Amino acid sequence: MANFVEFERRWQQEWRKHKVFHVIEDKKKKYYCLDMFPYPSGAGLHMGHARTYSISDVYARFMRMQGYSVLHPMGFDAFGLPAENAAIKNNVNPRDWTFNNITLMKQQQDELGLSYDWDRELATCTPEYYRWNQWIFLKLYEKGLAYRKNSPVNWCPSCQTVLANEQVEDGKCWRCKNIVETKSLDQWFFKITEYAEELLQDIDKLEGWPERVKTMQKNWIGKSEGTEINFPVESNYVLLHGYNGRPDNTLHAGLRDHLDSLGLKYQCPVMPGAGQPKEEEQVNFVLENCKFDENTIIVGHSLGCVVAMKVIEKLDIKIKGLVMVAGFTQPKFKDKERPFTDTFNWNFDFEKIKGKVGTIKILSGINDDAVPIEEGRKLAQALSGELIEVTSEKPHFRSTNEPTVNLHAVSSIKIFTTRPDTIFGATFMVLAPEHPEALKLTTKEYEAEVKKFISKVLLEDKFTRTAEDKEKHGVFTGSFVINPLTKEKIPIYLANFVLMDYGTGAIMAVPAHDKRDYEFATKYKLPINEVISGGDIDKEAYVGDGKLVNSGKFNNLSNEEAIDKISEHIESLTMGKRTTQYKLRDWLISRQRYWGTPIPIIYCKSCGPVPVNEKDLPVKLPEDAQFTGEGNPLDKSASFLNAKCPKCGHDARRETDTMDTFVDSSWYFLRYCSPKNEKEVFSKEAVEYWMPVEQYIGGIEHAIMHLLYSRFFTKALRDLGLLKFDEPFVNLLTHGMITMGGEVMSKSKGNVVDPREVISKYGADTLLVFVLFSALPNKDFEWSETGINGIHKFLNKVHALATEPNELPAHSEFDAYVESKLNRLIIKAKTDTLEFKFNYTLNSLMEFTSILQKYKERGLGKRVFDSSVKSIVLMLCPFAPHLSEELWHDLGNKTFASLELWPNADEGKIDEKIEYEEEFALGVREDILSILELTKIRQPQEMKLIVSPEWKYTLVKEIKARLGQTRDSGTIMKEIMQSDLKKYGQDLVKLIPKLVQDPSKMPLIDLKQDEETKSLERNKKVLEEEFKCPVIIEIAEESRDAKARNGMPGKPAIVVK
RNA sequence: GCGGGAGUGCCGGAGCGGUCAAACGGGAUAGGCUUAGGACCUAUUAGCUUAGUGCUUACGCAGGUUCGAGUCCUGUCUCCCGCACCA
């Protein structure tokens, strides 16, 4: 038995000593074979690591032996929470903890004999690495792709940090599985949404990626095409004209038409004294003649705004809105006296007005010749209203149709739908409880209930709220919107099933054709109107296709056509537009933890957030941090916190958030190309040579996060002019898991197997081959050591075959056969290995090894034997590199097997006929065995093999020649009867139908009678030895045995005595 | 619900329309070699049957195409994985 453990260690040292796997950019074709780099955990390498690394290592070694310059690097994803948690727990520095683990892992990787170029090792936690994270951040910041905003974010209370959307699984933290909370915080984001469309489109370019990963990414980006539609809120408008105005000579004329077209109600009084307006007269008139309620919106124009404010001061109820078009607060501007200067009181109680109006909008004309724009700004400030500066059709909004006024006067709720075809069936509207308009739309009557509902829903965490079987709850707001096509008044509800962060946070509910809406409508007794035929809406929502009904002029269209037609119609009414929605959100990269890349931003009291100067990078992590477990250590590190503003030089404060560690891994594959470059993020030439990665190998758990982020980075860096390609990874292999007891191996489940246990018992090669042989790389496999011994035996067999002395003759009659088999193997092994079918390759190698061993015993020719052994040794090299290296050496070579070329097949040596001849004798042997079994003859006295008569060979040939044309045995029979074979007519009648019906009874390869005889002669000795009796071989024509006529081509008659 | 993948012997797993009762490996059984063996070698491992190397059935289930189907088509069931109140 070979001492694997001993020579494995020896070769590992040799490889290291001679830097065998070091690569440089050279003229050879390149190949970049990359493993997802590991997190250096304290547990070291587990079997899953061993598996994935062995997969990529086989491939790297294989491609190297195909003559490529192979980049096969390894590094460590070394920032992350466990290090910091260890620091808190054991009072060690996260860096020391991390580097200890790295040392441990490297040692274990070396023990596996992996062929990494360790000169390119990197660890993301070193300032040499993370300074480039910061540099990239600054570049993205310059481009507007990194930004800070306040938003509700996912907060993991146990990790004490925020998480990106991708990092929340089932409402739980991907790392610690705790339930994630929602918090509102100022955070840094990368604008990955800017690339949503390209990230989606380019998935189609990823031909070498598994379908399911692509699907997962598509789902995550979640594109849907639909239409945004504005539903006007039902309100009672009061339109107040200005000085010299009338309802028909001002913008109100157009506004009235607009309101009419929307089905909205309004009052538009002709105010007394239009030419000589007096406050009291006008205000009283309005108060007496107009009805006000909490649903009232006053739209004033010019002096009408002043009247409106005065009216509101006097109202004893609260109204919904005030829209002031070209409003003002004092009559003296442009030094021009107005006729109403003295008839109005120019003091306003702005606070009181504010308190009595829900929403205030101020429209100011940039081109106003009567009221300067400053007046509008003043008003907006005094009333905390929304200021909208526009260019009006005519100065001072004097046109009778002012579309901007129409647009802004009417408040509406924007919904998003992918089913505009069902709009005629929209019988209510639902807003997310967080919708900014939710409370504003709530009438007094419903206020208490709505508030209760909102707080109840918002208290629930995302996970609970979006659970599948969650019951739909909702509450009526008291307000209505107008369905823009049916003009019907439909109620506005808030409900838990509508999400604020998708679409517009509001939906039109079409209960007849949406399951959720149906459920909701049934529960709250809301009308269900069928607009697509084909279902039975009394029973359930019909979501299928059909023709439109109850849809006005769109009736009878197919719903697919209607999507377009109705969208167009809505666009022509300027009620909405077609848009695209994505589920993808911007990537939140802020983390409130120490052990990560500091975000290179400084907050200055006067300049705001200022990026750190490039020359001041890296912003290093401080040494004086205290790991108490309370909050972010950076917040308490004085040496870190205090900085000078890069702009003005004054004292300032550093950003204490660090970056998500997924930032580190989004570009490390680029850094490997020139890992030691101190001047640049990466060398352009090196990246141009090595990138993209031809083969990337890692776990499915990164299907979205890491792989999406890396794709985004590649595109962003491309747009920064740093890269020339669009996608980083050409081929992706997601390896399967190793399970034990049906569960993934993990420390917490206590079902881990330490690779070192196996290595110490059998050696690394056995482990590698076993793992590779047990299942296809992309499939899961259940760990079981039964069988590992079989692998060990196989490797030992190879070892013995190559090293045991032999006294083979120079040539033998078996040479051609073994050579044919060998060359066939070389081709098959190469194709299979290229396709990651490593278990097939090994399978074939085992098979051939057995053949070789068998023929060695029979006295195979030395030349063929030696070249076979050499080929096996080389072909085995990617799978069992140590053994291969050892045997290569034993064979007298001074080079490294690892650097040799994979054997080349000589296709000319592949000879099916020779193979068949040889295997034919094997078949005969099996037939003998079964006859012995049947006859219960234990020890035969003599055996006779009678080769089929010559004419049967001709027959078989004739039949085969005709099978292409016909399958009718009658026809074939007739034809053959006309030939010389006719004299065997009696036999033909039996044989032909049988053979035509089952052509498999005829051998695939045609041997001639004498060739069969020769093949048998050659194997005669072997048979005699095995069965311990004389074997006689004759041909049917010369045999007197009655059984002679049973023989068929490929199946000689057998007589046992 | 949507999307992806898979169903073949005791097990892992082959099978790109014909040589498939099913590669290769494991396990089990029997035998050989041996002082012994967890080493090596051989046979058996769906059923039936026979002085003749055969026959029958089988590849989740049901149909279809074909002279011929694990292999192509249709429907259906089961399992695994991912996403999911996404409007």
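All of these numbers come straight from a predicted model, not from anything done at the bench. Order of the sequence lines fixes the chain letters, A, B, ..., with proteins taken first and strands second; residue numbering starts at 1 for each chain.
With sequence neighbours excluded, the residues forming a salt bridge (Lys or Arg N to Asp or Glu O under 4.0 Å) with A:Lys828 are A:Asp832, listed by chain and number. By the side-chain hydrogen bond (donor to acceptor under 3.5 Å, both in side chains) test, A:Tyr953 pairs with A:Glu1012, sequence neighbours left out. Looking at residues two or more places apart in sequence or on another chain, you find a salt bridge (Lys or Arg N to Asp or Glu O under 4.0 Å) between A:Lys577 and A:Glu228. Scanning for salt bridge (Lys or Arg N to Asp or Glu O under 4.0 Å) contacts around A:Lys761 gives an empty result, with sequence neighbours left out. Evaluation of the side-chain hydrogen bond (donor to acceptor under 3.5 Å, both in side chains) rule for A:Gln217 yields A:Arg711 as partners, not counting sequence neighbours.
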Set out, line by line, the N/O atom pairs under 3.5 Å between protein and nucleotides 29-33 of chain B.
none

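Across all strands, A:Tyr840 comes closer than 4.0 Å only to sugar-phosphate atoms, never to a base (heavy-atom distances).
Closest to the A:Met846 side chain, of the nucleotides B:C24, B:U53, B:C41, is B:C24. The side chain of A:Lys797 sits closest to B:C41 out of B:C41, B:A87, B:G4.
In this model, the phosphate group of B:C24 is not approached by any side-chain N or O of A:Ser844 to a distance below 4.0 Å at OP1 or OP2. Taking 4.0 angstrom as the limit, A:Asn789 places a side-chain polar atom (N or O) nearer than this to OP1 or OP2 of B:A39.
The separation of B:A14 from B:G9, taken at their P atoms, amounts to 13 Å, rounded to a whole angstrom.
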